[in-house]
Amino acid sequence: MVMTPRLRKFMLTAHVTSSIGWFGAVATFLALAVAGLISPKAHLVRAAYLAMELTTWFVIVPLALVSLLSGVVSSLGTRWGLFRYYWTLVKFLATIVVTIVLLVHTQPIDLLARVAAKAPVFTTDLHSRQLLMVLASGAALLALLVLTALSVYKPQGMTRYGWRKQHEQRALSQP
Amino acid sequence: MANPPGYPDTGAPRWVRVFGIIALVLILLFVILHLTGHGFGHMH
């Protein structure tokens, strides 16, 4: 499948925007998670967890899904393909894993936001979830940085599938 | 599975293997963390 230049640029714009937006939103989430964990001000802690829930559902999850989808469409419409080179394959698999981990962590995010909406102060039994938010968003930020670096550096290496496809195309193009 | 003709015998590049090991460790850590009850949104 080869896309027209106009469609390819549109998909690339969608992919770059959503991926960088995802990174920025997770960085914001990390700042809120740290504030929620260490701030002595109860109103700031409650505001942080309420904002984290909104940011997750209305910014991070949509951007993650758009990034994954636009990445798949972009790769399939260019010479890179989705399974031909290791860097596209690794990026695809890692994006799926990060998205699944994100969706799993919406549970503790929702719990913290529910508590923040009701209780004036946080109890100590929520401390492990508060800490988890910092660790998970820090790890996600690192993973997204690595994914961005993969797109820029495009490390070498063709998969068996890519090698076979290239061989077939060369054989077809020879008279 | 046999390699296609001309495909390097060394298999996947070193960076892919390093990535795989790191990913495996992180996934194991994630699973262990959640199986031990740290992280999910249920109140005990």
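Protein chains get the first letters and strands the later ones, always in sequence-line order, with residue 1 at the start of each.
Residues of residues 144-157 of chain A that come closer than 4.5 Å to chain B, counting heavy atoms only, are A/V146, A/L150, A/P155, A/Q156, A/G157, ordered by residue number.
The side-chain contact (heavy atoms from CB on, under 4.5 Å) test applied to A/V72 returns A/L76, A/L82, A/F92, not counting sequence neighbours. Taking A/W80 as the reference, A/Y85, A/W87 meet the ring-ring contact (aromatic ring centres under 6.0 Å, His included) condition, with sequence neighbours excluded.
Taking all atoms of both residues into account, the shortest heavy-atom contact from A/A116 to A/L50 is CB-CG, 4.2 Å. Closest heavy-atom contact between A/S67 and A/H15: O-ND1, 3.0 Å.
Put simply, CZ on A/R84 and CZ on A/R79 are 10.0 Å apart, with the number rounded to the nearest 0.5 Å.
Annotation: ring pair (Phe, Tyr, Trp, His ring centres under 6.0 Å) contacts involving residues 20-52 of chain A, sequence neighbours excluded, comprise A/Y49-A/F122.
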